[in-house]
Amino acid sequence: MTDTLAPQEANGSAAPAVPAARRLFIKTYGCQMNVYDSERMADVLRPLGYAPTDTPEGADFVILNTCHIREKAAEKVYSELGKLRQMKEARAAAGQGAMTIAVAGCVAQAEGEEIMRRQPAVDLVVGPQAYHQLPELLTRTARARGERIGADFAPNEKFDAMPAVRGVDGPTAFLTVQEGCDKFCSFCVVPYTRGAEWSRPVVDVLAEARGLAEQGVREVTLLGQNVNAYDGTGADGAVWSLARLARALADIPGIARIRYTTSHPNDMSDDLIAAHGELEALMPYLHLPVQSGSDRILRLMNRKHGRQTYIDLIGRIRRARPDIAISGDFIVGFPGETDRDFEDTLGLVREVGYASAFSFLYSPRPGTPAATMGTPVPGDVALSRLHALQALLLDQQTAFNVAQAGRTLDVLFEKKGRHGTQAIGRSPYLQSVHVEDADHLIGQIVPVRIEHGQQNSLKGRLIGA
Ligand code: SAH
Ligand code: SF4
Ligand code: F3S
């Protein structure tokens with residue numbers, strides 16, 4: 001058969017080869033795992049004729065992929081839904097056809113019924129482990145509103161149902177290798193919204209990575225709520241650690257850089273630490289949240305490790321890879337946190353020295369043990385602690401960036417800059433690097449002379465430029 005003849009014509013079928021174009025708008029909240037999931041939702045909907053658009057106006061299908069981690073994140077969903085309802089009604093009134101609205105992600109999992117009750121414009125609700133069922137749900141919703149899927153956690157079914165080919169956007173990609181969390185930190189909803197820890201089989205991860213590399217991806221970031229707890233089964237029947245997985249990924253032609261996030265200190269195994277010293281493709285950057293520097297608070301948080309254990313761990317990682325950039329997450333204002341506890345957090349930050357970090361005000365989450373624990377810290381006290389911590393972290397981040405001046409760093413160029421022929425890429429330490437006359441290098445890893453560093457980015461020039 002020649003390639004000019006579509007199979008449908010050859011066998012006389014009247015079915016159109018490509019369904020009519022429908023517009024899909026997905027808004028993503030929360031962590032990188034949601035970013036990955038949103039891309040995969042687009043992948044499962046593509047065969048139905050849905051093409052992504054970047055505004056909800058005029059979209060036939062709108063998905064909010066939501067986050068439940070803090071109250072503000074969850075509440076945002078309801079205000080967004082209010083706006084979408086108006087859009088949906090205006091569209092119907094103008095005779096422009098139906099707009100289907102779905103809520104996906106962690107709020108969908110945690111408060112599915114409440115969403116349906118509070119916002120009648122929502123057509124369907126789908127949890128993070130059930131979005132492979134979107135095509136089927138859409139067909140059913142066309143007949144009756146009100147599907148809610150997602151109470152059971154079976155990530156393997158989701159991954160098995162995904163199309164083999166992913167849509168990629170640029171030379172970097174996320175790749176989920178692990179789902180869920182068994183740690184039950186007392187403040188956190190993730191074990192309830194994402195379910196138990198589960199790792200994808202090695203062959204599946206390698207196949208997805210090969211597919212990405214064939215499409216020009218040079219850097220993969222392996223994702224999981226506790227990615228360093230990865231224990232997927234290999235083709236040999238053995239359980240593979242994240243370090244072993246990273247070594248196999250590094251052998252795939254085209255994959256030059258590997259990152260992973262997020263990790264729990266207790267799962268930072270010796271072979272992973274060693275890999276940081278030995279595996280060139282494993283980038284010298286590690287997001288290793290500690291949450292607090294006070295042993296008393298760490299106990300109340302059920303983190304299952306102490307302050308000194310974390311500091312010693314960072315020491316071991318730095319011995320394996322001295323230049324590694326350390327990043328973290330912190331919560332301030334946990335119930336019962338005293339000035340003394342907070343001083344311990346500042347002390348830990350000074351001792352570790354972070355290249356970047358995220359810090360949050362504690363937000364009580366329904367159903368978590370911490371929500372009914374101890375005395376709440378007054379709002380103004382918590383806020384002033386947050387500001388003090390953020391000032392210190394920002395100083396450290398700026399100092400880390402400024403210290404890159406004069407060095408030559410390999411930069412993976414990802415996209416065009418805002419003006420002219422500028423391009424923006426990433427250093428091995430995940431810093432954003434702006435370089436003039438480099439827009440022809442997108443997708444390539446090129447040595448860049450760093451001229452100066454500032455709070456949020458670096459500026460450099462091509463060698464010889
Ligand atoms: N699995 C990751 C974290 C996922 S949540 C890990 O353990 O590192 C991302 C961050 O949100 C957490 O590290 C924590 O700092 C913050 N967070 C989680 N629950 C929170 C809450 N109830 N209030 C404020 N911040 C919270
Ligand atoms: Fe949440 Fe703790 Fe699990 Fe991280 S390790 S997802 S903070 S319960
Ligand atoms: Fe939010 Fe769910 Fe991620 S609660 S942080 S989107 S795992």
Side-chain angles (χ1 to χ4, degrees), residues 26-38 64-77 103-111 127-129 131 150 153 155 174 176 178-198 222-230 260-268 286-293 297-298 300-305 310 326-335 337 345 354 357-373 376-377 382-383 385-386 389-390 393:
I26 307 182
K27 183 158 181 167
T28 309
Y29 302 84
C31 62
Q32 292 100 328
M33 301 204 63
N34 264 12
V35 175
Y36 175 86
D37 289 344
S38 291
L64 300 185
N65 194 12
T66 61
C67 173
H68 201 244
I69 202 82
R70 285 168 289 276
E71 191 182 355
K72 256 200 200 132
E75 278 307 311
K76 259 190 224 157
V77 176
V103 180
C106 292
V107 182
Q109 185 65 39
E111 337 186 320
Q129 309 304 359
Y131 59 76
F153 297 108
F174 289 139
T176 293
Q178 185 271 344
E179 291 258 359
C181 180
D182 295 341
K183 301 288 186 290
F184 290 92
C185 300
S186 62
F187 50 82
C188 183
V189 293
V190 170
Y192 313 97
T193 64
R194 293 268 173 171
E197 285 178 9
W198 176 83
L222 309 177
L223 299 181
Q225 264 86 21
N226 276 303
V227 73
N228 58 343
Y230 179 85
Y260 60 94
T261 198
T262 303
S263 298
H264 190 284
N266 290 0
D267 291 317
M268 210 60 219
L286 177 64
H287 185 68
L288 196 63
V290 65
Q291 315 297 354
S292 168
I297 296 295
L298 286 171
L300 291 171
M301 286 178 162
N302 192 32
R303 287 288 293 182
K304 305 189 182 86
H305 64 78
Y310 178 84
I326 302 291
S327 156
D329 289 342
F330 296 88
I331 295 178
V332 301
F334 188 83
E337 184 188 70
T345 297
Y354 286 88
F358 301 93
S359 44
F360 310 99
L361 274 185
Y362 167 72
S363 168
R365 306 305 293 131
T368 59
T372 50
M373 216 183 247
V377 174
L383 200 60
R385 285 180 192 161
L386 183 71
L389 176 61
Q390 289 184 336
L393 289 168

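Order of appearance sets the numbers: ligands from 1, and atoms from 1 within every ligand. As the structure is a computational prediction, the values presented were derived from the model and not from experiment.
Surrounding NZ of Lys72 are at most 12 heavy atoms belonging to other residues, nucleotides or ligands under 6.0 Å away.
For ligand 2 and Cys181, the ligand atoms under 4.0 Å from any heavy atom of the residue are 3 (Fe), 5 (S), 6 (S), 8 (S). When each atom of ligand 2 is checked for a heavy atom of Cys188 under 4.0 Å away, the hits are 1 (Fe), 6 (S), 7 (S), 8 (S). Those atoms of ligand 2 with a heavy atom of Cys185 less than 4.0 angstrom away are 2 (Fe), 5 (S), 7 (S), 8 (S). Proximity to Val190 (heavy-atom distance under 4.0 Å) selects the following atoms of ligand 2: 6 (S). Proximity to Phe184 (heavy-atom distance under 4.0 Å) selects the following atoms of ligand 2: 8 (S). Ligand 2 places these atoms under 4.0 Å from at least one heavy atom of Pro191: 8 (S). Those atoms of ligand 2 with a heavy atom of Phe187 less than 4.0 angstrom away are 7 (S). Close approach of ligand 2 to His264 is summarised as follows: ligand atoms under 4.0 Å from at least one heavy atom of the residue are 5 (S).
Ring centroids of Phe184 and Tyr192 are separated by less than 6.0 Å, placing the two rings close together.
When every heavy atom of Gln32 is checked against every heavy atom of Phe174, the shortest pair comes out as CG-CZ, 3.4 Å. In plain terms, the two heavy atoms of Glu337 and Ile297 that are nearest each other are CA-CD1, 3.8 Å. Closest of all the heavy-atom pairs between Ala370 and Pro335 is O-CG, 3.8 Å.
A heavy-atom distance below 4.5 Å is found between the side chains of Asn65 and Asp37. Within the 4.5 Å cutoff, side-chain heavy atoms of Pro265 are placed close to those of Arg303. At least one side-chain heavy atom of Tyr260 sits under 4.5 Å from a side-chain heavy atom of Leu286. In this structure the side chain of Cys188 reaches within 4.5 angstrom of the side chain of Ile69, judged on heavy atoms. Within the 4.5 Å cutoff, side-chain heavy atoms of Leu393 are placed close to those of Ser359. Put simply, the side chain of Leu223 reaches to within 4.5 Å of the side chain of Thr261, judged on heavy atoms.
In terms of modelled atom types and a separation under 3.5 Å, the side chain of Tyr362 and the main chain of Ala382 share no donor-acceptor contact.
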Between the protein and ligand 1, are there any N or O atom pairs that come within less than 3.5 Å of each other, and if so, what are their names and distances?
| residue | atom | partner | partner atom | Å |
| --- | --- | --- | --- | --- |
| ligand 1 | 1 (N) | Gln225 | O | 2.7 |
| ligand 1 | 11 (O) | Arg70 | NH1 | 3.1 |
| ligand 1 | 13 (O) | Gln291 | NE2 | 2.8 |
| ligand 1 | 13 (O) | Asp329 | OD2 | 2.6 |
| ligand 1 | 15 (O) | Gln291 | OE1 | 2.7 |
| ligand 1 | 17 (N) | Arg70 | NH1 | 3.4 |
| ligand 1 | 22 (N) | Phe187 | O | 3.0 |
| ligand 1 | 22 (N) | Ser363 | O | 2.8 |
| ligand 1 | 23 (N) | Ser363 | N | 3.0 |
| ligand 1 | 25 (N) | Arg70 | NH1 | 3.2 |

Run the side-chain contact (heavy atoms from CB on, under 4.5 Å) check on Met373 and Ser186 step by step: do they pass? CA-CA 9 Å; Met373 216 183 247; Ser186 62; 3.9 Å; yes
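At a distance under 4.0 Å, a protein heavy atom can be found next to atom 5 (S) of ligand 2.
Atom 7 (S) of ligand 3 has Gln225 NE2, 3.0 Å as its closest protein atom, hydrogens excluded (heavy atom only).
Using bins of under 30°, 30° to 60° and over 60° for the plane-to-plane angle, the ring pair His287/Phe358 lands in the perpendicular bin.
Below the 2.8 Å limit, atom 2 (Fe) of ligand 3 has as protein N, O or S neighbours Cys106 SG.
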